[in-house]
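As the structure is a prediction and not an experimental result, all values here were calculated from the model. Below, each value reflects all heavy atoms present in this structure, side chains not excepted, and no hydrogens, waters or symmetry copies. So that the names make sense, note that chain A is the first sequence line, chain B the second, and so on, each numbered from 1.
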Protein chains: 2
Amino acid sequence: MKVSAQEEYGLRCLVQLAHLSASESLTLSEIARREGISVANAGKLLWILNKAGLVQSTRGTRGGYQLARPASEIRLSEVIKVLDADEVESHCKSYTGVLEVCVHTSDCGIRPVIQGLHEIVQNALSEVTLAQLVGTEQSVDATLHQIQKLQSRLSPTGGSA
Amino acid sequence: MKVSAQEEYGLRCLVQLAHLSASESLTLSEIARREGISVANAGKLLWILNKAGLVQSTRGTRGGYQLARPASEIRLSEVIKVLDADEVESHCKSYTGVLEVCVHTSDCGIRPVIQGLHEIVQNALSEVTLAQLVGTEQSVDATLHQIQKLQSRLSPTGGSA
DNA sequence: ACTAATCTTGACTTAAAAGTAAGGTATGCT
DNA sequence: AGCATACCTTACTTTTAAGTCAAGATTAGT
């Protein structure tokens, strides 16, 4: 359960674009330089983001990338989903071991955990927008901890099932 | 942001053991057979779990594995942490691109997201025990959705930062 | 129209995770 | 004591994700 390199770098590139004003744009090489990754790699990431409609590209001499929407309207849940190659559901189709289908198809206790977990993460991510990431660390920190505090208040002892 | 194969399979092996009564135990090959994975692979997973003190092994003819503690006292957060090679923190040390240190060291908007996200996941996982996974799907499903519902109630519009 | 700058796209290479194999060590049974 | 069972551990192979490269396509300016 961790954030992949592609998710991390892709998100960083978006944050760079979020810093710009509406008319500005950044070229691939400039983004790559600022993030300390190769131009080729940045190109791949931006292409993914472009295909998903999160950024807009302009070709030619004065070209570059900019956000397709205001940063305040781009939620991290969407970003992660796009960068994660969208292998969201269909979990029980993979990881089947040697067998053809999941051994736990009938009454599987793990499936809901995997799925529920995913929902929780997406939910938390949907509360944070790119615009917030542009601000100081503190603001984001506050938002996420607000969520967390609520969680711990929920079930102090554990489930009752 | 996804569950690795090792996490998934390791968790499954634990669930198998959680089904046993106190005096019973399962051999490697039996666990492997039930989960549809190779004996070698199961051996590796169980070794990790054993090293972490989650399961207990008995050698010799009548040997096998059993849980080191009651299933109701083993939280998924612990399980995942163990199976994930414990690369929990130290995130800004990796993913630095070509540069020596994280480009966002000074005022990084991404760091708190990564960290906060991790906390949220751990928090959610710590509310579910192995014992709950042994029950029906419904019970686990209920527990996780309880958490989720609370989250969405928290911030209907998005952050204010 | 030409040229330089820039994005686009698919194939290739490299690094990391997952899985496998084989030899070692401990235990119980005869 | 000796053999069979079963876990333990390290090293190796395979697979998959990440990253790179190079040729193609598009636009702005001259």
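- Between C:dT8 and A:Tyr65, a contact under 4.0 Å exists linking OP1 or OP2 to a side-chain N or O.
- Side-chain N/O atoms of A:Lys2 include one lying less than 4.0 angstrom from OP1 or OP2 on C:dA17.
- Proximity of B:Trp47 to the phosphate of D:dC7: no side-chain N or O atom is located under 4.0 Å from OP1 or OP2.
- The separation between B:Ile31 atom CD1 and D:dA6 atom C1' is 12 Å, rounded to whole Å.
- For the 3.5 Å distance criterion, the side chains of B:Thr27 and B:Glu30 fail to qualify, holding no donor opposite an acceptor.
- Counting to the nearest Å, the C1' atom of C:dG19 and the CD atom of B:Glu35 are 16 Å from each other.
- Dashed line: the shortest gap from a side-chain N or O of A:Asn50 to OP1 or OP2 of C:dT8 is under 4.0 Å.
- Atom pair A:Tyr9:OH and D:dA17:P shows a separation of 18 Å (rounding to whole Å applied).
- Checking A:Gln16 against A:Glu35 by side-chain atom types alone, a donor-acceptor pair falls below 3.5 Å.
- Enclosure of atom CZ in A:Arg69 by more than 12 non-hydrogen atoms of other residues, nucleotides or ligands within 6.0 angstrom is indicated.
- The pair B:Glu7-B:Lys81 does not count as a salt bridge, with every side-chain nitrogen at least 4.0 angstrom from each carboxylate oxygen.
- The CD-P distance, from B:Glu8 to C:dA18, rounds to 12 Å in whole Å.
- Residues A:Ser57 and B:Val39 both approach DNA chain C. Their nearest nucleotides, taken by heavy-atom distance, put A:Ser57 toward the 5′ side.
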Begin with the C-alpha distance, continue with both residues' side-chain angles, and end with the deciding distance and a verdict on side chain to side chain contact (heavy atoms under 4.5 Å, CB included) for B:Leu76 and B:Leu133. CA-CA 10 Å; B:Leu76 294 203; B:Leu133 291 192; 4.0 Å; yes
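- At whole-Å resolution of the value, CG in A:Leu45 and P in D:dT20 are 10 Å apart.
- B:Ser29 comes within 4.0 angstrom of nothing in the nucleic acid, heavy atoms only.
- In this entry the distance linking NZ of A:Lys51 with C1' of C:dT9 reads 11 Å, nearest Å.
- Between B:Leu49 atom CG and D:dC8 atom P the separation is 11 Å, expressed in whole Å.
- In this structure, A:Thr58 and B:Ala40 both approach DNA chain C, and ranking their closest nucleotides by distance from the 5' end singles out A:Thr58.
- Closest contact between the side chain of B:Thr61 and the listed nucleotides C:dT8, D:dT5, C:dA21 involves D:dT5.
- Both A:Arg62 and A:Asn41 lie near DNA chain D, and the one whose nearest nucleotide falls closer to the 5' end is A:Asn41.
- Between B:Ser4 and C:dA18 there is a side-chain N or O to OP1 or OP2 distance below 4.0 Å.
- Among the atoms of the strands shown, none is found under 4.0 Å from any heavy atom of A:Gly43.
- Between the CZ atom of A:Arg59 and the C1' atom of D:dT26 there is a distance of 4 Å, rounded to whole Å.
- Between C:dT20 and B:Ser38, a contact under 4.0 Å exists linking OP1 or OP2 to a side-chain N or O.
- By the 4.5 Å heavy-atom criterion applied to side chains, A:Thr129 and A:Gln132 are counted as neighbours.
- DNA chain D is contacted by both B:Leu28 and A:Lys44; B:Leu28 maps to the nucleotide lying nearer its 5′ end (nearest heavy atom per residue).
- Between B:Thr27 and D:dT5, a side-chain N or O to OP1/OP2 separation shorter than 4.0 Å is absent.
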